[in-house]
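Counting starts at 1 for both ligands and their atoms, following the listed order. What you see is a predicted model; the values in this text were computed from it and never measured.
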Amino acid sequence: MINEKLKQEDLKYIWHPCSQMKDYENNLPLIPIQSAKGVYLKDYENNQYIDSISSWWVNIFGHQNRYINKKIKKQLNTLEHVIFAGFTHKPAINLAKRIINITPKGLDKVFFADNGSSGIEVALKMSFHYHKNLGKIKPKFVSLKNSYHGETMGALAVGDVELYKDTYKNIIIDTIQTPAPKDQTKKSANIAIKKVEKLFKKYHEEISSIIIEPLIQCAGYMKMYHPIFITKLRILCDKYDIHLIADEVAVGFGRSGTMFAIEQAKVSPDFMVVSKGLTGGYLPLALTLTTQKIYDAFYCNYGEYKAFLHSHSYTGNAIACACANAVLDIFEKEDIINKNQKKIKYISKQLKRFKNLDNVLEIRQTGFIAAIELKGYSSDQRINLTIYKEALKNGIFIRPLGNVVYFMPPYVIKKQEIKRVFDTLFEILVKIS
Ligand SMILES: Cc1ncc(COP(=O)(O)O)c(C=O)c1O
């Protein structure tokens with residue numbers, strides 16, 4: 001009963017994200033969470049749910065991680081926050097230094113923002129502004145079809161998921177979308193790169209940058225592609241004086257199997273945006289990294305009007321920075337990227353049995369992200385909702401994207417918990433086939 005009471009109270013006051021609020025009347029559960037530990041979320045009636053999607057892909061080292069908690073508490077006792085214009089602090093300096101050390105070569109400067117979308121806005125504005133400072137007006141941005149970069153106006157404009165974008169098409173800036181590779185083969189990557197080349201050839205004088213989600217279009221139904229696409233894209237960007245923006249908001253920090261997905265393409269972008277896993281799912285923080293060359297184009301005497309005057313009140317929040325430093329400590333001390341490989345293999349093994357199901361169209365995996373695309377269901381059937389509710393009944397929190405069921409858990413998940421999620425999912429898919 002306490003769950004229901006809290007739900008009713010919540011609905012009286014709160015407007016939830018990414019929801020049709022009326023759905024919460026009958027169709028959609030709204031579960032008040034009392035506490036969480038590791039991969040488990042616990043409601044007020046002591047039901048537990050495995051957080052199979054890391055609470056929107058942010059939580060990488062489990063809920064209530066002892067080490068992160070300790071580091072946040074320590075920071076809380078010294079400095080919570082200070083204005084970041086004209087002031088600085090050690091947690092931000094350490095974080096900037098460390099992130100530069102672990103990201104691709106050539107990314108030498110860090111700008112702080114406070115969520116993925118705002119980090120993307122920074123990259124887009126900086127890219128345009130860089131060209132402007134050099135005397136070129138390049139008002140166009142290119143992105144891939146089916147991409148997702150966030151929900152603020154600029155981020156939405158470079159996104160291409162109809163569901164989120166269509167309503168606002170009259171009020172967002174005009175951008176160009178080019179086809180993404182249609183699958184993980186090299187052949188598809190090469191087909192897509194040819195389209196990019198054609199586009200760049202024609203419009204390069206107007207294009208500031210191209211923004212991509214390296215290897216995995218997460219919100220775009222977990223579509224995946226081959227790294228060769230990015231390797232070749234880098235060459236085209238250099239040839240046509242167009243910036244390459246790597247949006248690593250979702251795929252950064254080990255999700256793709258490597259620390260950053262773009263590493264697999266063996267190239268460096270001109271901008272890289274990180275967020276989500278950066279604070280292990282604790283606090284909002286984003287970083288936009290860029291090159292010395294781009295930074296230098298803004299560097300001049302006061303009054304020449306080249307400075308990047310973008311700001312957010314919570315820029316460089318000290319607690320969030322301390323938290324991110326704790327996350328980087330864990331990566332270093334526990335050799336997470338190497339250790340994750342075993343679990344990644346185990347996930348592949350678990351996926352195999354789904355191939356033979358009648359209602360499965362395709363299985364995809366890159367690193368710690370697995371996706372099962374279903375077939376034979378119309379959107380009116382809302383099969384995602386059926387799966388979501390059925391999984392919850394079995395203590396699993398999984399949140400399909402349309403007809404795509406995906407698994408993106410915290411790295412601390414144990415093998416037996418991985419198995420439990422896939423066993424449950426298998427039973428559900430058999431039941432609804
Ligand atoms: C690739 C990508 N970029 C940007 C964002 C936006 O991040 P945020 O939700 O923190 O604004 C997301 C969010 O899911 C994302 O997946």
Near Glu213, which atoms of ligand 1 are under 4.0 Å from a heavy atom of that residue?
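Near Glu213, meaning under 4.0 Å from one of its heavy atoms, ligand 1 has 1 (C).
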Taking only heavy atoms of Asn115 into account, list the atoms of ligand 1 that are under 4.0 Å away from them.
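So the answer, numbered in order with elements, is 10 (O), 11 (O).
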Between [X] and [Y], does the ring centroid distance fall short of 6.0 Å?
| X | Y | result |
| --- | --- | --- |
| His243 | Tyr130 | yes |
| Tyr314 | His312 | no |
| Tyr411 | Phe368 | yes |

Can you tell me the protein heavy atom closest to [atom] and the distance?
| atom | value |
| --- | --- |
| atom 5 (C) of ligand 1 | Val249 CG1, 3.7 Å |
| atom 10 (O) of ligand 1 | Gly116 N, 2.9 Å |
| atom 12 (C) of ligand 1 | Tyr148 CE2, 3.6 Å |
| atom 11 (O) of ligand 1 | Ser117 OG, 2.6 Å |

Distance-only, no hydrogens or angles: does the Ser19 side chain make a donor-acceptor pair with backbone N or O of Trp15 under 3.5 Å?
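No, Ser19 side chain to Trp15 backbone: no donor-acceptor pair under 3.5 Å.
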So for ligand 1, is [X] a polar contact partner (N or O within less than 3.5 Å, distance only)?
| X | result |
| --- | --- |
| Asp247 | yes |
| Ala250 | no |
| Ser275 | no |

With the threshold set at under 4.0 angstrom, would you say Glu151 reaches ligand 1 through any of its heavy atoms?
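No.
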Min heavy-atom dist Trp57 to ligand 1 below 4.0 Å:
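A heavy atom of Trp57 does come that close to ligand 1.
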Closest by any non-hydrogen atom to atom 13 (C) of ligand 1: pick that one out of Lys276, His149, Glu121.
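Comparing heavy atoms across Lys276, His149, Glu121, the nearest one to atom 13 (C) of ligand 1 lies in Lys276.
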Would you sort out whether Glu390 and Lys393 count as a salt bridge (charged side-chain N to carboxylate O under 4.0 Å, His left out), showing the intermediate values?
CA-CA 5 Å; Glu390 201 61 35; Lys393 271 193 232 159; 3.4 Å; yes
Taking it one step at a time, do Asp51 and Arg399 satisfy salt bridge (charged side-chain N to carboxylate O under 4.0 Å, His left out)?
CA-CA 10 Å; Asp51 186 355; Arg399 197 172 187 275; over 6 Å; no
Which heavy atom of Ile210 sits nearest a heavy atom of Cys237, and at what distance?
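For Ile210 and Cys237, the tightest heavy-atom pair comes out as CG2-SG, 3.6 Å.
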Using side chain to side chain contact (heavy atoms under 4.5 Å, CB included), reason through Val110 and Phe112 one step at a time and then give a plain yes or no.
CA-CA 6 Å; Val110 182; Phe112 287 72; 4.0 Å; yes
